[in-house]
Amino acid sequence: MEKTYQPHAIERSWYETWEKKGYFAPTGQGDPYCIMIPPPNVTGSLHMGHGFNNAIMDCLIRYQRMKGRNTLWQPGCDHAGIATQMVVERQLGAQGVSRHDLGREKFLDKVWEWKEASGGTITGQIRRLGSSVDWSRERFTMDEGLSEAVKEAFVRLHEDGLIYRGKRLVNWDPKLHTAISDLEVENLDEKGNLWHFRYPLADGATTADGKDHIVVATTRPETMLGDAAVAVHPEDERYQNLIGQFVLLPLVNRRIPIVADDYVDREFGTGCVKITPAHDFNDYEVGKRHGLPLINVLDRDAAILASAQVFNIDGTPNHEQDPTLPGAYAGQDRFEARKAIVAEFERLGLLEKVDDHALKVPRGDRSGVVIEPWLTDQWYVSTKALAEPAIKAVENGEIQFVPKQYENMYFAWMRDIQDWCISRQLWWGHRIPAWYDAQGNVYVGRDEAEVRAKYSLGDAPLHQDEDVLDTWFSSALWTFSTLGWPQNTDALKAFHSTDVLVTGFDIIFFWVARMIMMTLHFMKDEDGKPQVPFKYVYVHGLVRDSQGHKMSKSKGNVLDPLDLIDGITLEDLVQKRTANMMQPQLAAKIEKQTRKEFPEGIASYGTDALRFTFCSLASTGRDIKFDMGRMEGYRNFCNKIWNAARYVLMNTEHEDGSPRDCGQFGGDAQGSESVAGGRTPGATEVTLSLADRWIISRLQRTEEQVEKALAEFRFDLASQALFEFIWNEYCDWYLELSKPVLWDEQASEAQLRGTRRTLVRVLEAALRIAHPFMPYITEEIWQRLAPLAGRQGETIMLQPFPEAKAEKIDAAAEADIEWLKGVIVGVRNIRGEMAISPAKPIDVLFRKGTPGDAERLQNNQQFLKKLANLASVRWLADDEEAPLAATALVGETEVLVPMAGLIDKDAELARLQKELDKLSKSIKQVEGKLGNANFVDKAPEAVVAKERAKLEEARSACERLQAQYDKIAAL
RNA sequence: AGGACUAUAGCUCAGUUGGUUAGAGCGCUACCUUGACAUGGUAGAGGUCGGCAGUUCGAAUCUGCCUAGUCCUACCA
């Protein structure tokens, strides 16, 4: 083996082997266990969040696979309608071509081309992360099968009365020319103005204080062209006499009523609100209550129309209202028009004042432009009926969120859920299965033929709806559409409901909630009981940069997980972060920041270290600040494992690589190493040392801890338990304790065999525990180690996960080792504080202690001598005078390092004083507790007893050290 | 405006149903190239657990208030 761990030397080939051998596919044996990958955007690339997500899922899948479950982890991507179309349009735009130049069909060909070209990025990344997904079942939301499922779901929902079409206000993106759902709108705090306009009263009416106008305020002056009313609060005394009167809308000369509505906040501004039902969601509701017309003044680019489009609240055309608009603004962009209209008000003396105003501006999460509420025909999913069972499924525990707190977030959203606008004015996506006849009647069906037959349309001309469905509509079907629905496939029967969904909290509404609704609606058991999509939703935090900022392309702080695996130079990283930017003006800032954060670029850490880091950061928090230092630590951990394995192999193989006797040959003499190693044929007895029994016992406890932590989705605790066991117990102590045995020329064959067997078996088991966290290094080492441990198998992937055995827990061995460690640490401490070279063997005396302690010393001298580098040890007789010595206490035992020639008087006094201070602090604390009658009376007996024991021990230790102190001080 | 979450060592984070001398990694200090490993070893230093009250014999842990930060939902024209 190489002297240091070289991740890139082992990773790729193992993944290829695993994949080629088909280890990732379900075995067909055992209880099914299924995870569906949250589909990333097919044209994107994985970021740290995906890396994190994959580490968790693969950990769960590999663990369950090793536990014998029939595991399916299914990969795939979604088609990301808006994002993908934007990318392709941008590419075409660079060549001066628009999608309209190409036409729908040719444009879609281009998109498919791009998908084919870029789709490999993500699958390549998933492979490099070591994810054991079943590639044979990879799915894509635009696949034929999934498209079939989408169509089927749409038609059925329509038949069930849960999909409808209507003219409503939607969030319109004037750049992308499509409706988007309210979830895709980001409300950002921005600075703006509040313009106060005078609206003259009609018919000579006046306000209570004699004015001939009222004042309304607006943040969007251009919408005044579509005003249909002015509203005041019904109980507002100032305007009582005006309710039912009219104002004459400036610029337009439209006569609009003054209505009373308690939506109005009397305290805000003048208490008068202009009502524009076609351009504001609240005004739309007011308009509904007062029968106001919807006066649309914007076109699809959010430029001003030459003539308004007027509708009644039910969406039918309104012919009563005069649609005339002032010609001056026709065709002007909304912000241009805004300026012009404000200027005109000012010219007319109707601009009362302009205030600065902080407001929330709705922006499209993709385009970044200001979203306009706009009146269009759209398709909606009626959500109320679907939400109800979805709420129940979580309430009654059929679906559990981990951590539980996210259930509140889910409930809050679900209980106030709005109908879901699912149509998008795009070309890339699932086309809506609806057809229109010449009269504009709409028919929904699986295809045109079905529609004609079902509605007896003969050969009347029909045309299909031009729109496509929201990508999240197809994602909502993900758990079952990917298993073959609407066909009742074997896979669907076996793996649905799936077991766990692993995701970030940011898409609970977008995806998780909608999946729950759709799945409960469509998937039923044989007895008609709705199926949940998954039993657990494990919600993890969002990976942030070291400053705690969210990683985003525009901030230029994104990291590609592969760059942490393989490493990247500073120049390449800068290049990567500043390429293809939407806002190139930020490049300089990003470059500077990148150079500051990664002055040396990023080193190569390997997949295993990255994955272990992700797992160790997976606690219950919401934010995960990614810490490079931590990853470096876990890379070192891999190196530690690597070198531990080297040590084990060195001691369990001969120089030619043939195995030594590690007890792997069982009870017969087959495979005897009599030829190579002088083993007596047939001899199989094994003697386990104290250290052997101890490490075996600790292994059981580790197995318990990991098991428990994984059951609770505490990947951080699981990885920590593993880390501690391997580094702090196996490497720091056990390997050191094995040396005195292996290097003892007097050691019996049974002793050697026992220690070798323990060395390999414990490490082999530890590798299996670690495998779900660090698949590559564990496989690499396991291949060499398994035969020595007497294990058969082609891969560690399919080996059983170790299970704790209660009978192997050895409390006595643990106590003995604790004592031994106490002695060793005590001596080392004296060495350290007294500046005695670790290379110098010293003599140590023992005194007091329990009879058991003396026996411990007797039995384990070899360990002590080696680990503390002692020349000699000796237990003083009761009546024997102790020489002047530095003292350490281990329980009852006093460990003495004679001072003669070695120890400086003042240094030892200082050291003792430090110990005494510590003890007296502790004594004071405990005395305080025990001196409190309330404590003694009310606290449980066991607690009081524990405190008493603690006090006694501390006092005794204190006395002994004090005596020692006095003795030395008297010199 | 409503709600949620977070606050523990210089940094990144653990701390299980209230009873510990409050832990880990990184960083820091001193010493050590001893035959697995300097991507290492040994020994250390470092915290009045954001603040204030309360419940309790006992609070990092439970309750309330305050402060700071993050986020979500809704929204004032």
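Naming: A, B, ... by sequence-line order, numbering from 1 per chain.
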Grab the [atom1]-[atom2] distance between [X] and [N] for me, whole Å please.
{"X": "A:E632", "N": "B:rG27", "atom1": "CD", "atom2": "P", "result": "7 Å"}
{"X": "A:I624", "N": "B:rU6", "atom1": "CD1", "atom2": "P", "result": "14 Å"}
{"X": "A:E186", "N": "B:rC72", "atom1": "CD", "atom2": "C1'", "result": "13 Å"}
{"X": "A:L867", "N": "B:rU34", "atom1": "CG", "atom2": "C1'", "result": "12 Å"}
{"X": "A:E222", "N": "B:rA77", "atom1": "CD", "atom2": "C1'", "result": "13 Å"}
{"X": "A:K840", "N": "B:rU42", "atom1": "NZ", "atom2": "P", "result": "22 Å"}
{"X": "A:I836", "N": "B:rC32", "atom1": "CD1", "atom2": "C1'", "result": "15 Å"}
{"X": "A:I214", "N": "B:rA77", "atom1": "CD1", "atom2": "C1'", "result": "13 Å"}

What's the gap between [N] and [M] when it is taken at their [atom1] atoms, as a whole Å value?
{"N": "B:rU67", "M": "B:rG27", "atom1": "P", "answer": "39 Å"}
{"N": "B:rU63", "M": "B:rC5", "atom1": "P", "answer": "10 Å"}
{"N": "B:rA68", "M": "B:rC31", "atom1": "C1'", "answer": "43 Å"}

Checklist outcome for this item: Applied to residues 620-629 of chain A, the salt bridge (Lys or Arg N to Asp or Glu O under 4.0 Å) test, sequence neighbours excluded, yields A:R544-A:D623
Salt-bridge criterion met for [X] and [Y] (N-O under 4.0 Å):
{"X": "A:R198", "Y": "A:E352", "answer": "yes"}
{"X": "A:E653", "Y": "A:R660", "answer": "no"}
{"X": "A:R784", "Y": "A:E764", "answer": "no"}
{"X": "A:E222", "Y": "A:R334", "answer": "no"}
{"X": "A:K946", "Y": "A:E941", "answer": "no"}
{"X": "A:E947", "Y": "A:K950", "answer": "yes"}

Those residues that, when tested against [X], pass side-chain contact (heavy atoms from CB on, under 4.5 Å) (two or more places apart):
{"X": "A:A645", "value": "A:M1, A:L763, A:I781"}
{"X": "A:K924", "value": "none"}
{"X": "A:H8", "value": "A:Q6, A:S604"}
{"X": "A:E953", "value": "none"}

Under 4.0 Å, counting only non-hydrogen atoms across every strand here, what does [X] touch: a base, just sugar-phosphate, or nothing?
{"X": "A:C731", "answer": "base"}
{"X": "A:V825", "answer": "sugar-phosphate"}
{"X": "A:K640", "answer": "base"}
{"X": "A:W727", "answer": "sugar-phosphate"}
{"X": "A:E736", "answer": "base"}
{"X": "A:W743", "answer": "base"}
{"X": "A:L735", "answer": "base"}
{"X": "A:R831", "answer": "nothing"}
{"X": "A:A644", "answer": "base"}

Checklist entry - Can you name the residues that form a side-chain hydrogen bond (donor to acceptor under 3.5 Å, both in side chains) with A:R238, not counting sequence neighbours? => result A:D236
Item to check | A:K404: partners by side-chain hydrogen bond (donor to acceptor under 3.5 Å, both in side chains), with sequence neighbours left out | outcome: A:E407
Item to check | Selected nucleotide, minimal atom distance to A:L617 side chain, candidates B:rA38, B:rG41, B:rU12 | outcome: B:rU12
Next on the checklist: Quick check for you: among B:rA14, B:rA77, B:rU42, whose closest atom lies nearest to any side-chain atom of A:D732?
Outcome noted: B:rU42
Next on the checklist: Aromatic contact between A:F509 and A:Y410, with the criterion being ring centroids under 6.0 Å apart: yes or no?
Outcome noted: no
Checklist entry - If pairs are Watson-Crick or G-U with both distances under 3.5 Å, what is the dot-bracket string of RNA chain B, marking crossing pairs with [ ] and pairs to another strand with |? => result (((((((..((((.....[...)))).(((((.......))))).....(((((..]....))))))))))))....
Checklist entry - Can you find an N or O donor on one side and an acceptor on the other, under 3.5 Å apart, linking the side chain of A:R635 with the base of B:rU39? => result yes
Next on the checklist: Both A:G621 and A:N636 contact RNA chain B. Taking the nearest nucleotide for each, which residue is further toward the 5' end?
Outcome noted: A:G621
Item to check | Nearest-nucleotide comparison on RNA chain B, the residue closer to the 5′ end among A:N651 and A:S837 | outcome: A:S837
Produce the list of close N/O pairs, under 3.5 Å, pairing protein atoms with atoms of nucleotides 17-24 of chain B; give distances to one decimal.
{"from": "B:rU20", "atom 1": "OP1", "to": "A:K929", "atom 2": "NZ", "distance (Å)": "3.1"}
{"from": "B:rU21", "atom 1": "OP1", "to": "A:K950", "atom 2": "NZ", "distance (Å)": "2.6"}
{"from": "B:rU21", "atom 1": "OP2", "to": "A:K950", "atom 2": "NZ", "distance (Å)": "2.8"}

Next on the checklist: Let's go through A:Y634 and A:F612 carefully: what are the C-alpha distance in whole Å and the side-chain angles of both, what is the deciding distance for ring pair (Phe, Tyr, Trp, His ring centres under 6.0 Å) to 0.1 Å, and is it a yes or a no?
Outcome noted: CA-CA 7 Å; A:Y634 293 126; A:F612 201 83; 5.0 Å; yes
What's touching nucleotides 73-76 of chain B from the protein side, N or O pairs under 3.5 Å?
{"from": "B:rC75", "atom 1": "O3'", "to": "A:N282", "atom 2": "ND2", "distance (Å)": "3.2"}
{"from": "B:rC76", "atom 1": "OP1", "to": "A:N282", "atom 2": "ND2", "distance (Å)": "2.2"}

Could you list, one pair per line, each protein nitrogen or oxygen that sits under 3.5 Å from a nitrogen or oxygen of nucleotides 67-70 of chain B, together with the distance?
{"from": "B:rU70", "atom 1": "O2", "to": "A:R622", "atom 2": "NH2", "distance (Å)": "2.9"}

Checklist entry - Would you say B:rU12 has OP1 or OP2 under 4.0 Å from some side-chain N or O of A:K625? => result yes
Item to check | Residue pairs involving residues 711-727 of chain A (criterion side-chain hydrogen bond (donor to acceptor under 3.5 Å, both in side chains); sequence neighbours excluded) | outcome: A:R714-A:D716, A:Q720-A:E724
